[in-house]
Protein chains: 2
Amino acid sequence: MRSVEDLSPSDRHGLEAALEEARAGLAEGGVPIGAVLLSAEGEVLGRGHNRRVQDQDPSVHAETDAFRAAGRQPHYRGTTMVTTLSPCWYCSGLVRQFGISRLVVGESKNFTGGHDWVAEHGVEVIVVDDERCVELMSGFIAEHPSLWHEDIGQELP
Amino acid sequence: MRSVEDLSPSDRHGLEAALEEARAGLAEGGVPIGAVLLSAEGEVLGRGHNRRVQDQDPSVHAETDAFRAAGRQPHYRGTTMVTTLSPCWYCSGLVRQFGISRLVVGESKNFTGGHDWVAEHGVEVIVVDDERCVELMSGFIAEHPSLWHEDIGQELP
């Protein structure tokens with residue numbers, strides 16, 4: 001677990017951009033999760049956010065939106081997926097399948113998906129304890145529990 | 001491993017529809033993988049195919065396209081994902097995350113993704129040995145090896 005201050009400049013820049021995406025999603029009435037795909041050189045290849053509500057599309061999680069925005073790539077060697085929340089199995093599978101080299105997670109308090117699993121399969125994983133990400137998500141979950149559960153395919157307890 | 005003839009009527013209907021989707025993808029110049037999401041009652045909720053080439057979108061695998069076509073669902077209990085090819089980790093993660101109950105795989109000779117993994121996590125998995133699916137995919141891989149490797153995030157050997 002790291003603090004935001006301990007991140008490299010490019011990871012930190014990526015996390016700030018992912019947080020901007022998450023906030024944009026919230027402003028649109030959507031699930032506030034954002035993600036950015038960085039090149040090996042730390043440049044933004046693609047960025048995006050969850051669009052379940054906005055596009056009525058359950059397949060667009062933040063990570064898949066950033067991946068899509070990056071367009072077709074011959075390979076993902078050296079790239080980093082930065083996301084505001086621990087990736088669900090769907091998005092963890094994306095990281096593993098496409099050989100994305102690194103994963104930076106803004107927080108995993110509100111939800112823990114497959115980040116340990118991708119680490120076991122060779123991905124460098126950095127979990128950050130970013131209170132801004134935590135508060136954004138916990139506020140959303142408290143306000144929209146059924147939407148949040150729908151987004152992760154769970155029925156309300 | 002089952003033969004097509006051993007499938008239930010609705011699984012068989014789903015596999016025929018998935019194969020139609022895969023063939024449509026091939027006709028469009030795309031990666032020939034198709035999928036269908038069936039309701040608990042065996043009705044088609046959504047169907048689709050890989051659109052990497054057609055939409056220049058690497059996030060649209062057959063399974064994610066069928067999932068998207070089904071729209072927002074409150075839950076996936078009882079649903080079946082039918083796909084012409086063993087699902088990659090990205091699509092296996094989709095099945096696991098959203099609690100899709102069953103997975104029918106047309107073939108796993110040309111590629112084996114995460115179908116054993118989702119079975120370990122409670123999904124009922126049926127792997128079929130459908131020669132039509134095998135030939136469609138092996139022909140495509142032989143003709144377009146670099147496109148196929150791009151689609152699964154691997155560099156050509």
So A/Arg72 and B/Leu147, do their side chains get closer than 4.5 Å, heavy atoms only? yes
Ignoring hydrogens, what is the shortest heavy-atom contact between A/Ser59 and B/Arg68? Give both atom names and the distance. OG-CD, 3.6 Å
Could you tell me which portion of B/Asp151 (side chain, backbone, both or neither) has an atom closer than 4.5 angstrom to a non-hydrogen atom of chain A? backbone
Hey, any chance B/Val123 and B/Tyr90 share a hydrophobic cluster, counting ILVMFWY side chains that come within less than 4.5 Å of each other, even indirectly? yes
Name the region of B/Glu150, side chain, backbone, both or neither, that has any atom closer than 4.5 Å to a heavy atom of chain A. both
Taking the six-membered ring for Trp, are the ring centroids of B/His61 and A/Phe67 within less than 6.0 Å of each other? no
Check whether A/Leu15 and A/Val125 end up in the same hydrophobic cluster, where Ile, Leu, Val, Met, Phe, Trp and Tyr are linked by side-chain heavy atoms less than 4.5 Å apart. no
Atom CZ in A/Phe98, atom SG in B/Cys88: separation rounded to 0.5 Å? 5.5 Å
Cluster link A/Leu94 to B/Leu85, ILVMFWY, side chain under 4.5 Å: no
Going hydrophobic residue to hydrophobic residue with side-chain gaps under 4.5 angstrom, can you get from A/Leu19 over to A/Val134? no
Verify the neighbour count for atom NE2 of A/His13: are there more than 12 heavy atoms of other residues, nucleotides or ligands below 6.0 Å? no
Kindly give the heavy-atom pair with the smallest separation between B/Trp89 and A/Gln97, and that separation in Å. N-OE1, 2.8 Å
What part of B/Thr64 gets closer than 4.5 Å to chain A, counting heavy atoms only: side chain, backbone, both or neither? both
Which atom of A/Pro58 lies closest to which atom of B/Gly71, heavy atoms considered: CG-O, 3.5 Å
Measuring heavy-atom distances to chain A, does B/Val53 have an atom under 4.5 Å in its side chain, in its backbone, in both, or in neither? both
May I ask whether A/Val36 and A/Tyr76 are part of the same hydrophobic cluster, defined by side-chain heavy atoms of I, L, V, M, F, W, Y residues being less than 4.5 angstrom apart, directly or through others? no
